[in-house]
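Accompanying notes for the structure given below.
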Amino acid sequence: MPAVTADSPLTLPRIPRPGEAARQRPVLAVTDAPQGFEGEGFPVRRALAGIHLRHLDPFLMMDQMGEVEYSPGEPKGTPWHPHRGFETVTYMIDGVMEHRDSNGGGGVITNGDTQWMTAGSGMLHIETPPEHLVMSGGLFHGFQLWVNLPRDRKLSAPRYQDIRGSQLELLASDDGGALVRLIAGELAGKHGPGATHTPITLLHATLSPGARLTLPWRQDFNALAYVLAGRGAVGEDARPVRSGQLAVFGPGDALGVQADEKQESRFPALDVVVLGGLPIREPVAWNGPFVMNTRSELLQAFDDFQAGRLGRIPAA
């Protein structure tokens, strides 16, 4: 890690440091992500667990998948399952993941690639490691983010985006000490390749030891930073953070992340996911694979799934 690098960060477009008039966002909380298992048994950390929806909206859930070194025969995925009413965004840092869905979407992602699935009105999908990875084993690390859809787009047509790591907008901090991979949204006049129904900004940043990253941030967006690896500090008061912790920011138009001068040998830099979006502010009725606005809509989603109206598993 990281999967996407730059030959010379000094040649990349710079993110200007916000001016003195910018209001730095305070840190409201730092939480630990509990560990669990997903799908057929691959390990995850629930990055957003325990945070009230008012601080997350429009995001619902984020799982850090791995980091785990599989032995031959150990790699696992998920079986076929349904979704309706939201989007899944899967970003692969190390390893390989294959996606197929009942709408005809799918592909293989690895090393900085993203698969962006808009479930919308509903579909079935499956995520599995390819057979060669099951046979060989290897490193597996990434994250999956669930993004809510507003009421008027809950039943939009399903969509699949295959975003290669080479398509990401690469930026550098003002001093060149941090590399930023912009996956979706706008930052400092640059735009990530991910097309979104809900206005969001999603990025993966790597900070060299001692480096500081100060980002301009839309005042009407919320702001979260999750540490994938390493140690550092967030906010004006330099709240300490480490691997597996989430920082929740308060209001403002800039946010700061800093890497410790000394890092652990297995994590030579600070790697963070920074995300924020425009809150939808609508009721959320959520049960398992469906995220709707009302209980009756949830019951309809289960009825539609059982009746086969969310799609059929395609032939292999």
Side-chain angles (χ1 to χ4, degrees), residues 31 33-34 36-42 44-65 77-90 99-106 115-128 143-161 184 194-200 202 222 224 246 248 275-314:
T31 61
F37 293 92
E38 190 54 74
E40 296 172 336
F42 60 85
V44 298
R45 298 195 75 153
R46 310 290 191 188
L48 308 185
I51 305 300
H52 195 281
L53 184 63
R54 67 175 176 271
H55 297 305
L56 302 182
D57 186 12
F59 308 110
L60 298 161
M61 184 190 80
M62 187 167 76
D63 281 350
Q64 180 182 8
M65 306 179 297
T78 67
W80 282 96
H81 59 283
H83 286 306
R84 172 180 277 183
F86 66 101
E87 303 181 287
T88 67
V89 182
T90 306
H99 167 91
R100 295 174 65 210
D101 66 50
S102 57
N103 196 49
Q115 56 187 22
W116 196 301
M117 187 189 81
T118 303
S121 59
M123 64 165 64
L124 311 180
H125 83 139
I126 186 172
E127 297 159 301
T128 57
F143 67 82
Q144 183 173 99
L145 174 69
W146 288 17
V147 186
N148 200 6
L149 289 170
R151 186 191 304 272
D152 61 355
R153 298 190 182 181
K154 286 284 187 189
L155 300 182
S156 58
R159 180 177 66 182
Y160 179 81
Q161 299 177 70
T196 70
H197 283 285
T198 303
I200 68 170
L202 173 63
N222 57 8
L224 309 159
L246 175 79
V248 181
L275 63 160
L278 187 65
I280 297 173
R281 296 193 175 95
E282 292 177 352
V284 173
W286 178 2
N287 192 318
F290 305 128
V291 182
M292 305 304 293
N293 294 112
T294 67
R295 176 173 171 77
S296 62
E297 291 170 344
L298 270 183
L299 295 176
Q300 184 64 56
F302 279 101
D303 286 345
D304 288 346
F305 167 56
Q306 292 168 355
R309 290 189 285 268
L310 299 192
R312 301 284 183 180
I313 296 175

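Remember, predicted model here, so these are calculated numbers, not experimental data.
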Which pairs would a plain distance check flag for residues 277-292, meaning a side-chain donor or acceptor within less than 3.5 Å of a matching protein atom at least two apart in sequence or in another chain?
| from | atom 1 | to | atom 2 | distance (Å) |
| --- | --- | --- | --- | --- |
| Glu282 | OE1 | Arg151 | N | 2.7 |
| Trp286 | NE1 | Gly288 | O | 3.1 |

Summary of salt bridge (charged side-chain N to carboxylate O under 4.0 Å, His left out) pairs that have at least one residue in residues 47-63, sequence neighbours excluded: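 Every pair satisfying salt bridge (charged side-chain N to carboxylate O under 4.0 Å, His left out) with a residue in residues 47-63: Arg46-Asp63.
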Non-neighbouring partners of [X] that pass side chain to side chain contact (heavy atoms under 4.5 Å, CB included), sequence neighbours left out:
X      : value
Asn103 : Asp101, Met123, Pro158
Arg295 : Leu299
Leu48  : Leu56, Phe59, Met62, Leu224, Leu246

What distance do [X] atom [atom1] and [Y] atom [atom2] have between them, rounded to the nearest 0.5 Å?
X      : Y      : atom1 : atom2 : answer
Glu127 : Thr88  : CD    : OG1   : 6.0 Å
Glu87  : Leu149 : CD    : CG    : 5.0 Å
Phe86  : Leu145 : CZ    : CG    : 10.5 Å
Gln300 : Leu155 : CD    : CG    : 9.5 Å
Arg159 : Trp116 : CZ    : CH2   : 8.5 Å

Minimum side-chain heavy-atom gap Val89-Val147 below 4.5 Å: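 A side-chain contact under 4.5 Å exists here.
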If you take all heavy atoms of [X] and [Y], which pair is closest and at what distance?
X      : Y      : answer
Ser102 : Pro314 : CA-CD, 4.3 Å
Ser156 : Arg153 : OG-O, 2.9 Å
Ala184 : Gly194 : CB-O, 3.9 Å
Thr90  : Met65  : CG2-CE, 3.8 Å

side-chain contact (heavy atoms from CB on, under 4.5 Å) evaluation trace for Glu297 with Lys154: CA-CA 10 Å; Glu297 291 170 344; Lys154 286 284 187 189; 5.9 Å; no
Qualifying residues under side chain to side chain donor-acceptor pair (under 3.5 Å), relative to Gln161, sequence neighbours excluded: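 None.
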Side-chain donor/acceptor of Arg84 to backbone N/O of Asp304, under 3.5 Å: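 Not a single qualifying donor-acceptor pair exists.
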Main-chain N/O of Pro58 paired with Asn148 side-chain donor or acceptor, under 3.5 Å: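 No: the side chain of Asn148 does not pair with the backbone of Pro58.
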Within the 6.0 Å centroid threshold, strictly below: His125 and Tyr160: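 So the answer is no for these two rings.
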